[in-house]
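Accompanying notes for the structure given below.
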Amino acid sequence: MLGSDQHNIMDFNVKKLASDAGVFFTRAVQFTEEKFGQAEKTELDAHLENLISRGDGTKNWTEKILRQTEVLLQPNPSARIEEFIYDKLDKKLPSKTTNAELLGQYMLDAAAEFGPETPYGSTLITVGEYQKRLGGAERELLHTSATTFLTPLRNFLEGDWRTISKERRLLENRRLDLDICKARVKKAKQAEAKASAAPDFQETRPRNYVLSASASAAEHELRVAQTEFDRQAEVTRLLLEGISSTHLNHLRCLQDFAEAQATYYAQCHHYMQDLQRELSRCANSVGGPHSSAAICPNPVSSAFLSGPSAPGTVVSSSSSSNQKPRTPTIEQMQLPVTGARKAKVLYDYDAHDASELSLLADELITVYTVPGMDPDWLIGERGNDKGKVPVTYLELLS
């Protein structure tokens, strides 16, 4: 009994394999004849064609944006390959030190060897600590970008788009089957018409009767094929119309990515301004004609400073002077006010001297500028408190 069942199963599999091979060959013949213009092809309606074109564009541009964003966030090809392998294995990628963090650690190690009490060693410690902060901000950017931007794009390509592609392939097969049935009906009707024109009455079973039955069977197959094609076209259309929702989702992801970048660059700008202030204090805190060059080199660079460390700062005109610069308070700046308006604070900010105003995220303050003031700074007021505030930490309101 068991041997008989196995034989039946094997026989069924062979028949199914032969049937599938026959269907594949017939579709291949139909497809080839269409390419050479020897067979008619059922065209999809214009709306569905537009949806297919839009879907292909979405897939292609999503792939390009995804790949280039990966390159932007991780320029090292080997590291990207490693991340890809871990992702495919569904394993968590081990946490790695960023380049800035590694540089900061090297500086700290060098300071320990040269002596943290030496001018060079103390400066290495200061710069190294800020490099590690920059690395931490970069790590947060990478994590946020991967979660809010890269993952949704990758999920679309590996999930929704694969489903759409599968249904589109099925639709193409249904179209080929439909056109094959159309060709069979056409041939059957032509043979039936030819037999009716020259009947052979000596046949025991008239040939036109057989041809008529064959044409009826072909028409039935055509109706079935048309129904299956229409059903599959509707399924494909609904999936492709869902691309609009995909665009909305990617729009939100894009906004999150831009916000993560804005936060990262604002943090970097803030850290570098703090670093420049500390290095400036280091240079100005030691007297003597050559003390500034001996303790730490002049760190002031237009690439990092948005202007003077404080508008109105008094700086000695002689490099050998022992006099320290003095930063006046806001109350001592008697300058005309221009363009007062409201502003929302985006991030917390700690004042570094008496001329600045500390900020708390989401609070509203009044801001304005004064003639000759650095464009990256504004004067902020909160009640009776007043001080300079960085523009990058504010959202100006109309």
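Quick note: numbers below take in every heavy atom, side chains included, and nothing from hydrogens, waters or symmetry partners.
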Going by distance alone, is a donor N or O of one side chain under 3.5 Å from an acceptor N or O of the other, for Tyr349 and Glu356?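 Note: Tyr349 and Glu356 side chains meet the donor-acceptor criterion.
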Indicate whether any N or O donor in one side chain lies under 3.5 Å from an N or O acceptor in the other, for Glu381 and Tyr368.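 Yes.
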With the side chain counted from C-beta on, respond yes when [X] and [Y] share a heavy-atom pair under 4.5 Å apart, and no when they do not.
X: Met272; Y: Leu134; result: yes
X: Arg139; Y: Glu101; result: yes
X: Leu170; Y: Thr236; result: no
X: Asp376; Y: Thr392; result: no
X: Ile164; Y: Ile243; result: yes
X: Thr246; Y: Thr62; result: no
X: His250; Y: Leu254; result: no
X: Thr69; Y: Leu150; result: yes

Give, for atom [atom1] of [X] and atom [atom2] of [Y], the distance between the pair rounded to the nearest 0.5 Å.
X: Thr144; Y: Phe257; atom1: OG1; atom2: CZ; answer: 10.5 Å
X: Thr126; Y: Glu278; atom1: OG1; atom2: CD; answer: 5.5 Å
X: Leu142; Y: Tyr264; atom1: CG; atom2: OH; answer: 8.0 Å
X: Thr147; Y: Asp256; atom1: OG1; atom2: CG; answer: 10.5 Å
X: Cys181; Y: Leu176; atom1: SG; atom2: CG; answer: 11.0 Å
X: Leu397; Y: Lys342; atom1: CG; atom2: NZ; answer: 9.5 Å

Regarding [X] and [Y], does a basic nitrogen lie under 4.0 Å from an acidic carboxylate oxygen?
X: Arg175; Y: Asp179; result: yes
X: Glu172; Y: Arg27; result: no
X: Glu40; Y: Lys182; result: no
X: Glu129; Y: Lys132; result: no

Same cluster (ILVMFWY, side-chain, under 4.5 Å), [X] and [Y]:
X: Leu44; Y: Leu238; result: no
X: Trp377; Y: Leu346; result: yes
X: Phe114; Y: Leu279; result: yes
X: Val224; Y: Leu222; result: no
X: Leu153; Y: Leu72; result: yes

Working note: Val345 + Leu360, criterion side-chain contact (heavy atoms from CB on, under 4.5 Å); need CA distance, chi angles, decisive distance, verdict. CA-CA 7 Å; Val345 179; Leu360 293 176; 5.9 Å; no
If you group Ile, Leu, Val, Met, Phe, Trp and Tyr whenever their side-chain heavy atoms sit less than 4.5 Å apart, what else falls in with Leu108?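 Under the 4.5 Å side-chain rule, Leu108 groups with Ile125.
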Within a reach of under 6.0 Å around [atom1] of [X], are more than 12 heavy atoms found that belong to other residues, nucleotides or ligands?
X: Glu259; atom1: CD; answer: no
X: Asp348; atom1: CG; answer: yes
X: His47; atom1: NE2; answer: yes
X: His143; atom1: NE2; answer: no

Enumerate the residue pairs fulfilling salt bridge (charged side-chain N to carboxylate O under 4.0 Å, His left out) with a member in residues 51-65, sequence neighbours excluded, ordered by first and then second residue.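 Sorted result for residues 51-65: Asp56-Arg168, Lys59-Glu63.
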Closest contact, heavy atoms only, [X] versus [Y]:
X: Val367; Y: Gly380; value: CG1-CA, 4.2 Å
X: Thr123; Y: Pro119; value: OG1-O, 2.9 Å
X: Leu124; Y: Ala110; value: CD1-CB, 3.9 Å
X: Val185; Y: Glu219; value: CG2-N, 3.7 Å
X: Leu73; Y: Ser145; value: CD1-CB, 3.5 Å
X: Ile379; Y: Lys386; value: CG2-CG, 3.9 Å

Salt bridge (Lys or Arg N to Asp or Glu O under 4.0 Å) between Glu234 and Arg237, intermediate numbers included: CA-CA 5 Å; Glu234 180 66 15; Arg237 181 185 65 80; 2.2 Å; yes
Quick check: does any side chain N or O of Ser53 sit under 3.5 Å from a backbone N or O of Glu49, one acting as donor and the other as acceptor?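 No, because the side chain of Ser53 does not come within donor-acceptor range (under 3.5 Å) of the backbone of Glu49.
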Begin from the C-alpha positions of Asp274 and His270 and carry the test side-chain contact (heavy atoms from CB on, under 4.5 Å) through to its verdict. CA-CA 6 Å; Asp274 289 348; His270 175 52; 3.2 Å; yes
Starting from the C-alpha separation in whole Å, work towards a yes-or-no answer on side-chain contact (heavy atoms from CB on, under 4.5 Å) for Asp350 and Leu359. CA-CA 7 Å; Asp350 295 326; Leu359 303 174; over 6 Å; no
With respect to Phe156, which candidate in Asn249, Thr151, Thr58, Leu66 satisfies the side chain to side chain contact (heavy atoms under 4.5 Å, CB included) definition?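 Among Asn249, Thr151, Thr58, Leu66, the one that satisfies the side chain to side chain contact (heavy atoms under 4.5 Å, CB included) with Phe156 is Thr58.
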Pair Leu378, Lys388 - check side-chain contact (heavy atoms from CB on, under 4.5 Å), show working. CA-CA 6 Å; Leu378 292 171; Lys388 290 190 308 169; over 6 Å; no
Measure the acute angle between the ring planes of Tyr393 and Tyr347, then classify it against the limits of 30° and 60° as parallel, tilted or perpendicular.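 Perpendicular.
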